[in-house]
Amino acid sequence: GKGEYRHFMLKEIFEQPAVIGDTLHAFLNPLGRKVTLPELSFDLGNLPRVTITACGTAFYAGMVAKYWLEQVARQPVELDIASELRYREPPLPEGGLSLFISQSGETADTLGALQYARDHGQRTLSVVNAAESSIARDSDGVLQTLAGPEIGVASTKAFTTQLTVLACLAIGIGRARGTIDPAREAALTEALIEVPSRASEVLNHDGKMREIANWVAEARDVLYLGRGNMYPLALEGALKLKEISYIHAEGYAAGEMKHGPIALIDENVPVVVCAPSGPLFDKIASNVQETNARGGRVILFSDKAGLERLGDEAAYTVELPEVDPFVAPILYAIPVQLLAYHTAVIKGTDVDQPRNLAKSVTVE
Ligand code: M6R
């Protein structure tokens with residue numbers, strides 16, 4: 001049941017520190033500061049390409065994984081939504097790996113893409129929450145997220161546990177390819193091990209998110225911006241908001257603003273910016289300044305250093321813990337989930353069962 005929570009979605013958001021911890025437990029050796037992936041029937045060190053495919057929120061997890069795999073493992077990656085990949089019929093390199101991500105393990109298009117990959121000689125690996133599922137059954141290897149049952153139609157803990165598994169996989173592939181040394185692996189695993197307690201700190205902002213949601217609930221359109229591995233978080237934030245609050249939202253790579261979407265900016269369009277400190281901070285800071293100069297009002301998610309630099313430019317700020325930029329996508333998922341949740345509650349929509357949507361999309 002929902003216990004003390006008003007909705008399953010809120011319960012599942014608050015379960016994240018625990019289920020991320022459970023998932024890390026399965027894929028990390030905390031003492032050795034090493035990733036421990038299960039034995040697979042193929043060599044992770046020698047993949048000409050990894051092709052990542054999924055739908056919806058799982059696709060955005062895959063998009064973060066692309067950034068991680070390229071950066072940490074120097075692994076060439078192709079990424080596409082399942083409904084496009086399967087009918088585009090792309091050539092797939094011999095000996096390539098196709099990676100599928102799915103909470104339910106039953107999504108029709110993802111399953112169709114898996115079939116396509118198998119028919120084209122790919123090794124197949126799936127990240128699923130439901131171990132007894134069609135996608136798990138048909139894959140050469142399975143990495144299970146230990147999110148437990150997710151009831152709310154809006155994916156929350158499935159997403160962050162997918163990210164957790166994919167972060168471990170990126171490190172594992174990096175080690176196999178020889179692109180990550182033991183010191184870097186230790187630093188990244190250390191950062192991952194701290195995620196559950198950092199996630200609990202982020203959940204303390206629940207009240208603040210409710211306050212910000214009062215403003216967002218008035219909006220007709222909302223923009224989400226991010227760069228680098230935060231770009232997929234912008235897309236995920238927009239998806240979450242539209243699916244449960246029915247407010248139109250768009251996620252953009254912040255660098256694309258001046259190629260069109262900046263024309264939308266006025267004081268009635270909240271602009272949610274996910275901007276942890278890191279190598280791309282200066283770039284996104286200038287995007288925030290441009291937004292401000294056009295009367296736009298920014299909701300800024302950043303850390304202490306980031307807010308010191310840019311907090312004055314924002315109508316609302318939320319301070320997240322300072323972490324290695326590698327793990328930031330996992331933590332920044334939480335405020336975007338809470339913002340969508342509280343906005344939907346204020347609007348009075350059916351949060352756990354939004355209109356027109358099914359938890360598991362088993363038909364095309
Ligand atoms: O079960 P799956 O992970 O394959 O589902 C994929 C999407 O249908 C799912 O993530 C959907 O986008 C969610 N409702 C988003 O919150």
Side-chain angles (χ1 to χ4, degrees), residues 7-13 15-16 19 23 52-65 79-86 98-115 117 124-139 142-166 224 232-247 249-251 329 333-334 336-341 343-344 349-364:
H7 296 100
F8 281 106
M9 183 181 176
L10 189 63
K11 172 174 178 267
E12 289 160 1
I13 290 172
E15 279 172 353
Q16 290 177 110
V19 295
T23 303
I52 305 178
T53 313
C55 302
T57 288
F59 172 74
Y60 297 139
M63 197 166 174
V64 175
L79 169 83
D80 208 349
I81 44 182
S83 57
E84 283 302 312
L85 183 121
R86 63 185 292 205
S98 284
L99 177 63
F100 303 88
I101 307 162
S102 176
Q103 188 284 127
S104 62
E106 301 295 347
T107 299
D109 278 319
T110 310
L111 192 56
L114 170 61
Q115 211 50 53
T124 55
L125 181 62
S126 59
V127 174
V128 296
N129 196 41
E132 304 292 320
S133 58
S134 306
I135 291 173
R137 219 169 12 250
D138 289 354
S139 301
V142 176
L143 305 175
Q144 195 193 355
T145 51
L146 299 179
E150 190 181 64
I151 309 294
V153 163
S155 181
T156 53
K157 61 177 181 168
F159 178 64
T160 48
T161 54
Q162 283 159 357
L163 292 178
T164 302
V165 170
L166 293 164
Y224 286 75
L233 268 289
L235 296 170
E236 167 62 4
L239 175 63
K240 214 93 297 175
L241 188 73
K242 66 187 121 179
E243 92 178 307
I244 59 171
S245 78
Y246 316 147
I247 294 173
E250 287 191 63
I334 297 174
V336 302
Q337 294 164 353
L338 286 172
L339 185 59
Y341 172 76
T343 304
T349 59
D350 188 344
V351 172
D352 285 332
Q353 290 266 285
R355 67 188 182 198
N356 311 340
L357 290 171
K359 181 66 185 159
S360 181
V361 185
T362 53
V363 291
E364 283 185 50

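Residue numbers start at 1 and run along the sequence shown. We count ligands from 1, going down the list as the structure has it; atoms in each ligand are counted the same way.
Annotation: salt bridge (charged side-chain N to carboxylate O under 4.0 Å, His left out) contacts involving residues 53-64, sequence neighbours excluded, are absent.
Atoms of ligand 1 lying under 4.0 Å from any heavy atom of Gly56, numbered from 1 in the order shown and given with element: 12 (O). Numbered from 1 in the order shown, with element, the atoms of ligand 1 that lie under 4.0 Å from a heavy atom of Ala154 read 16 (O). Counting atoms of ligand 1 from 1 in the listed order, those under 4.0 Å from a heavy atom of Ser155 are 15 (C), 16 (O). Atoms of ligand 1 found under 4.0 Å from any heavy atom of Ala58, numbered from 1 in the order shown, are 3 (O), 10 (O). Ligand 1 places these atoms under 4.0 Å from at least one heavy atom of Lys240: 15 (C), 16 (O). Atom numbering of ligand 1 starts at 1 in the shown order; those under 4.0 Å from a heavy atom of Gln103 are 1 (O), 2 (P), 3 (O), 4 (O).
Of all the heavy atoms of Glu106, none lies under 4.0 Å from any atom of ligand 1, so neither backbone nor side chain is involved. Heavy atoms of Lys359 found under 4.0 angstrom from ligand 1: none, in either backbone or side chain.
In terms of protein heavy atoms, atom 11 (C) of ligand 1 is closest to Thr57 N, 4.2 Å. Nearest protein heavy-atom neighbour of atom 8 (O) of ligand 1: Val361 CG2, 4.0 Å. Protein heavy atom nearest atom 16 (O) of ligand 1, with residue, atom name and distance: Glu243 OE2, 2.3 Å. In terms of protein heavy-atom proximity, atom 5 (O) of ligand 1 is closest to Thr107 OG1, 3.5 Å. Given atom 7 (C) of ligand 1, the protein heavy atom at minimum distance is Cys55 O, 3.6 Å.
With Lys240 contributing its side chain and Ser155 its backbone, the two residues share a donor-acceptor pair below 3.5 Å. The backbone N or O of Ala158 sits nowhere less than 3.5 Å from a side-chain atom of Asn129 that would complete a donor-acceptor pair. For the pair Asp352 (side chain) and Phe8 (backbone), a donor-acceptor distance under 3.5 Å is present.
Val153 counts as a contact of ligand 1, since one of its heavy atoms falls under 4.0 Å from the ligand. Not close to ligand 1: Ser360, with no non-hydrogen atom less than 4.0 angstrom away.
In this structure, a donor-acceptor pair under 3.5 Å is absent between the side chains of Glu364 and Ser83. For the residue pair Ser126/Ser139, the side-chain donor-acceptor check at 3.5 Å is satisfied. For Thr160 and Gln16, the side-chain atoms include at least one donor-acceptor pair closer than 3.5 Å.
An N or O contact shorter than 3.5 Å links Ser104 to ligand 1 by distance.
The one candidate from Thr164, Thr145, Leu233 that meets the side chain to side chain contact (heavy atoms under 4.5 Å, CB included) condition with Phe159 is Leu233.
Side-chain contact check for Gln337 versus Glu12: every heavy-atom pair is 4.5 Å or farther apart.
The side-chain contact (heavy atoms from CB on, under 4.5 Å) search around Ala58 returns Ala54, Ile101, Gln162, not counting sequence neighbours.
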